Every structure is written in C-alpha cells, then in structure tokens.
Amino acid sequence: MKINEDKMNYSEYFTNRSTDEITKDLIGRPLIFISHGKKLGGYIVEAEAYMGKKDRAAHSYGGRRSPANEGLYRKGGTIYIYSQRQYFFFDVACQEENEPQGILIRAIEPVWGIDEMTQNRNGKNGVLLTNGTAKMMQAFGIHSRNWDLHFLSDSPFAIDLNDENKKVAQKIIASARIGINQSDPIWAKKKLRYYVAGNPYVSNMKKREMREDHGWQRR
DNA sequence: AAAACGATCATCT
DNA sequence: GATGATCGTTTTA
C-alpha cells in the first residue's frame, strides 16, 4: 500500500476538479481511521456534494460562516466534522480557502477492524454497522469534534488515493441528497448524491435492489 | 417493506 | 425558542 506517497496529493486531489466530480471519484476508495493503533474502515459507497455559497442545502449557503462550519472555508483536504443532535458527520472541504464547498461521506462498506467497529456500535453488525454517516462515526468510536479543522494528513483519517486500491463500481447512481430542506425546488432536486448501485451498505438501500456482488466490478 | 415519529442538543434567531 | 446534511423503534399494509 502506497498511502504515504499519496498523502502529499490531498491538496491537489480536493481542488483540481469540481466538487461533484471529486465526490463521484471518491466512490470505491478506501477510507481509513486509525484507532488505538488499529486500522478501521472500508470502501466509500455513498457520498454527497455540497456546492458552497450558492447551494441552498449547504451549511455555507449565502456565505454563512461561524465556528460551527469554519471547516468548509478551509483549503481542500481539511476535515469538517459537524454535530447535530447527539450525532456526528464527516466531511472533507473542497476547493481553495474561502470557497466553502465540501463532501459528506455518507456510508462505507466495512472491511478493516470489523470486530472493533461492531463493539463501538454496541453489537450492531451487518448492514447496520456503517450505512449512514453518524453510524460510521460511531463505528470509529468518535464522540467529539476533536479532528474538525485538521488537514487529512495531520489526522488519524486517511483516504487512499492510489488507483490500484480503488474498487470500481459497475454503476454509480446520482440522486437527490437525503434529509435536506425541500423548500428550494432547484437545489433540493440536484443530483449530488452518488452511490454504488446495489451495494447493501448504502443508506436506505432496498432489499430487493441489493446485489450479490455488492455492485463492484470484477478485477 | 415502507412510513411515521420521538429522541435530544449545539447552534443560531 | 426553533431548528436540523440523523437514528432506531414502532406502526401500518
């Protein structure tokens, strides 16, 4: 695994293209969290793009800025952790500083440290382990905003950008984002949520749509 | 299998 | 005092 080499590329990777293109590209890449020396994580199967000041559904809509959403305003590759009710979300900022766009990682297919993650989730296993952003954070054992505002390479998080380690989806579906304010007809309907067709770990995936091969291409 | 709803708290008005 | 980029359980078909 050549993760270290690629750490240098986070700045470039999270600024080179439009945020929705980056979001789509992240599907199938490994997301890793090191906890007590143990490697936890899995493949990203679902993510949403938030397009900044103009995006009605984004926390930074209209240039809103406060300590709560400061992470979005930092340079691409900065972690933005947001809490709502008793839950935590994991985002990565995109584009240059002061261009508050970002990606919400919504779900992973668990691969590494499944026993530890199951413990962190109080015994919940299978699909329920990580099919939602707050569930994933619970599986990592995260109960604070401690890593908010840290750059990816200065944190226990890693996204493996090496193409050799990326799973390729047979089909990536674009749909409307989940749980957002529906009052704006344009932005509520934009297809900025991307997920692996048929993967059981995608949130709200219907049983009849799940596929035996989890929707990945054969290598 | 899908829809409804209550929990619960930092943040902002 | 209202409000969510949710979750888990209960209700309904």
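Order of the sequence lines fixes the chain letters, A, B, ..., with proteins taken first and strands second; residue numbering starts at 1 for each chain. Every value quoted in this text rests on a predicted model; they were computed, and no experiment measured them.
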Which part of the nucleic acid, if any, lies within contact of [X], taking any heavy atom under 4.0 Å across all strands shown: a base, the sugar-phosphate backbone alone, or nothing?
| X | value |
| --- | --- |
| A:Asn181 | nothing |
| A:Arg177 | nothing |
| A:Arg121 | sugar-phosphate |
| A:Leu192 | nothing |
| A:Leu104 | base |
| A:Phe89 | sugar-phosphate |
| A:Arg145 | sugar-phosphate |
| A:Ile178 | sugar-phosphate |
| A:Ala57 | base |
| A:Glu48 | nothing |

A:Lys38 vs A:Glu116, salt bridge (Lys or Arg N to Asp or Glu O under 4.0 Å): CA-CA, chis, key distance, verdict: CA-CA 9 Å; A:Lys38 276 273 190 178; A:Glu116 285 79 4; 3.3 Å; yes
Start and end of chain A contact along DNA chain B [non-hydrogen atoms, under 4.0 Å]: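 Going 5' to 3' along DNA chain B, contacts run B:dA1 to B:dT13.
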Does a donor on one side chain sit under 3.5 Å from an acceptor on the other, for A:Asn204 and A:Arg106?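 A:Arg106 and A:Asn204 do not have a side-chain donor-acceptor pair below 3.5 Å.
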Check: A:Asn146/A:Ser144 side-chain N/O donor and acceptor closer than 3.5 Å: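 A:Asn146 vs A:Ser144: no donor-acceptor pair found between side chains.
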About how many Å separate CD1 of A:Ile103 and NZ of A:Lys24, when rounded to the nearest 0.5 Å? 13.5 Å
So CD1 of A:Ile142 and CE of A:Met136: to nearest 0.5 Å the spacing works out to 7.5 Å
For B:dT8, give the paired nucleotide (Watson-Crick: N1-N3 plus N6-O4 or O6-N4; G-U: N1-O2 and O6-N3; both under 3.5 Å), or none.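 Partner of B:dT8: none.
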Name the one of A:Phe90, A:Phe89, A:Phe88 that satisfies ring-ring contact (aromatic ring centres under 6.0 Å, His included) with A:Tyr82? A:Phe89
DNA chain C-proximal residues of residues 194-206 of chain A, any heavy atom under 4.0 Å: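 Result for residues 194-206 of chain A: none.
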For DNA chain C, which nucleotides open and close the run of contacts to chain A, 5' to 3', at under 4.0 angstrom from a non-hydrogen atom?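 From 5' to 3', the first and last contacting nucleotides are C:dG4 to C:dG8.
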When you measure from the centre of the six-membered ring of A:Tyr50, is the NZ or CZ of A:Arg177 closer than 6.0 Å and no more than 45° off the axis? yes
Report the residue from A:Gln101, A:Glu99, A:Glu96, A:Glu97 that forms a side-chain contact (heavy atoms from CB on, under 4.5 Å) with A:Thr15. A:Glu96
When the ring planes of A:Tyr43 and A:Trp112 are compared, do they come out parallel, tilted or perpendicular, using 30° and 60° as the limits?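 Taking A:Trp112 first and then A:Tyr43, their aromatic rings sit tilted (interplane angle of 30° to 60°).
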Cluster link A:Ile159 to A:Tyr195, ILVMFWY, side chain under 4.5 Å: yes
With salt bridge (Lys or Arg N to Asp or Glu O under 4.0 Å) as the test, would you mind laying out the steps for A:Lys166 and A:Asp25 before giving the verdict? CA-CA 10 Å; A:Lys166 178 181 179 176; A:Asp25 187 81; 3.4 Å; yes
